[in-house]
Amino acid sequence: MDNQYAEIFTSLLGENQIKINEPMSRHTTFGIGGPADCFLIPETSEELRAVTGLAHKNHIPLFILGGGANLLVRDKGIRGVVVFTGRLQNIERNGNQLKVSSGVSTARAAKAAYDAGLSGMEFASGIPGSIGGAAYMNAGAYGGEMSKIIVSATTIDGRGDFISYGAEDLGYSYRHSRFMESGEVIVDITLSLKYGNQKEIKALMDDLNHRRRTKQPLEKKSAGSTFKRPEGHFVGQMIEELGLKGYGYGDAQVSKKHAGFLINNGHASCEDMLALIHDVQDKVKKNYGVDLYTEVQIVGEE
């Protein structure tokens, strides 16, 4: 295996769990991104621990990938190692709590809550990506937020050790958690939910998902809402009032359906998308005096 990074991990993972020069465009909801030098696919939390520990020991740059939502990868790709958590798929129920592995999709976790007659995850049933990513950025929608239902998390630190945290230690605020600074890898989270009526839970999920389908460009490649909500303002409304629906660079475009969403309308490059993001930010700042900050994490070699 002719790759300086891949060789290091052959003792831990099978050949089908190691990919070289893997296009990140295959693994992001934007459908954008150059190659990762080495793409690893652990299948258990122990393999995840071993891989991350070995990467730190060898001072290899490490990026953790979940469902690829809220992520914009640069055209030159990612140097070092990308570790994909999508094979970690355990869900365990204990009364009104669900312990969910980080690779489980947010939608599947919401469905598991519904199946168990537990309420509190309805808001997340249409959020793209993984539960680990949702916990990492404190994802939210329709008045719900991950910080309101997460009671504990298990992570892997830089030494490759498992660590458990209670809710009070997770440093949650709007679209922020401690993990954004700590560099720890989320292994699983525990959700505390309320017993509810399944018909009412399903009705709420159906209503929220109907609202998403009618108002958001779910048929297009995007990272969801591109910008954080500035206090006292609605992002989509400001962008729409500036006449920017349909405005774009190449195939990077402001959605005609919802101006708060920037979409890949075909084969947009990261360079196109970044140019559009910066242009929208500049126009909103000039006309409204409002700073727009991205929800999207931008990674890769500049």
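What you see is a predicted model; the values in this text were computed from it and never measured.
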Tell me whether the count of non-hydrogen atoms from other residues, nucleotides or ligands lying under 6.0 Å of [atom1] in [X] goes above 12.
X	atom1	result
Asn197	CG	yes
Glu181	CD	yes
His267	NE2	no

Looking at [Y] and [X], is any side-chain nitrogen of the basic one under 4.0 Å from a carboxylate oxygen of the acidic one?
X	Y	result
Asp282	Lys286	no
Glu145	Lys148	no
Arg79	Glu301	yes
Glu271	Arg74	no

Side chain of [X], backbone of [Y]: donor and acceptor closer than 3.5 Å?
X	Y	result
Thr106	Ala124	no
Tyr114	Met121	no
Arg175	Gly140	yes
Lys19	Phe39	no
Ser101	Gly103	no
Gln281	Leu292	yes
Ser222	Ile263	no
Asn138	Tyr172	no
Tyr195	Asn96	yes
Gln89	Gly86	yes

How far apart are the closest heavy atoms of Ile32 and Cys270, and which atoms are they?
->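 Closest approach of Ile32 to Cys270, heavy atoms only: CG2-N, 3.5 Å.
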Judged by modelled atom types alone, do [X] and [Y] share a side-chain donor-acceptor pair under 3.5 Å?
X	Y	answer
Asn265	Lys220	yes
Gln97	Glu92	no
Arg211	Gln216	no
Asp188	Ser102	no
Ser182	Glu184	yes

Take Met137 and Glu295 through the test side-chain contact (heavy atoms from CB on, under 4.5 Å) and record every step on the way to the result.
-> CA-CA 9 Å; Met137 67 168 292; Glu295 284 194 18; 3.7 Å; yes
Single-linkage hydrophobic cluster [X]~[Y], side-chain heavy atoms < 4.5 angstrom:
X	Y	value
Met273	Val280	yes
Ile60	Leu54	yes
Ile150	Ile91	yes
Tyr293	Leu262	no
Leu274	Val73	no

Worked check of side-chain contact (heavy atoms from CB on, under 4.5 Å) between Glu7 and Asn3 | CA-CA 6 Å; Glu7 293 286 352; Asn3 182 285; 5.7 Å; no
With a 4.5 Å heavy-atom cut-off, do [X] and [Y] have their side chains touching?
X	Y	result
Ser125	Asn209	yes
Leu71	Phe30	no
Leu40	Tyr5	no
Val235	Pro230	yes
Leu48	Val83	yes
Val100	Leu191	yes
Lys76	Glu302	no
Met238	Phe227	no

Measure from NZ or CZ of Arg229 to the centre of the six-membered ring of Tyr174 and say whether it is under 6.0 Å with the direction within 45° of the ring axis.
->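 Yes, a cation-pi geometry.
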Nearest-0.5 Å distance that lies between atom OG in Ser130 and atom OH in Tyr136 |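 So the OG of Ser130 and the OH of Tyr136 are separated by 11.5 Å.
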With rounding to the nearest 0.5 Å, note down the distance linking NZ in Lys199 to CG in Asp206.
->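 Answer rounded to 0.5 Å: 13.5 Å.
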How far apart are the C-alpha atoms of Lys257 and Glu219, what are their side-chain angles, what is the distance that settles it, and do they pass the salt bridge (charged side-chain N to carboxylate O under 4.0 Å, His left out) test?
-> CA-CA 11 Å; Lys257 194 171 186 179; Glu219 72 283 0; 3.8 Å; yes
Dump the intermediate steps for side-chain contact (heavy atoms from CB on, under 4.5 Å) on Tyr165 and Arg178, then the final yes or no.
-> CA-CA 11 Å; Tyr165 290 102; Arg178 66 166 287 129; 3.2 Å; yes
Under 30°, 30 to 60°, or over 60°: which ring-plane class applies to His27 and Phe84, parallel, tilted or perpendicular?
->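 Plane angle between 30° and 60°, so tilted.
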Contacts of type side chain to side chain donor-acceptor pair (under 3.5 Å), residue Lys285, not counting sequence neighbours |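 Counting only residues at least two positions away or on another chain, Lys285 forms a side chain to side chain donor-acceptor pair (under 3.5 Å) with Asp291.
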Candidate pair Leu204 and Glu200, rule side-chain contact (heavy atoms from CB on, under 4.5 Å), full reasoning | CA-CA 6 Å; Leu204 180 53; Glu200 293 175 1; over 6 Å; no
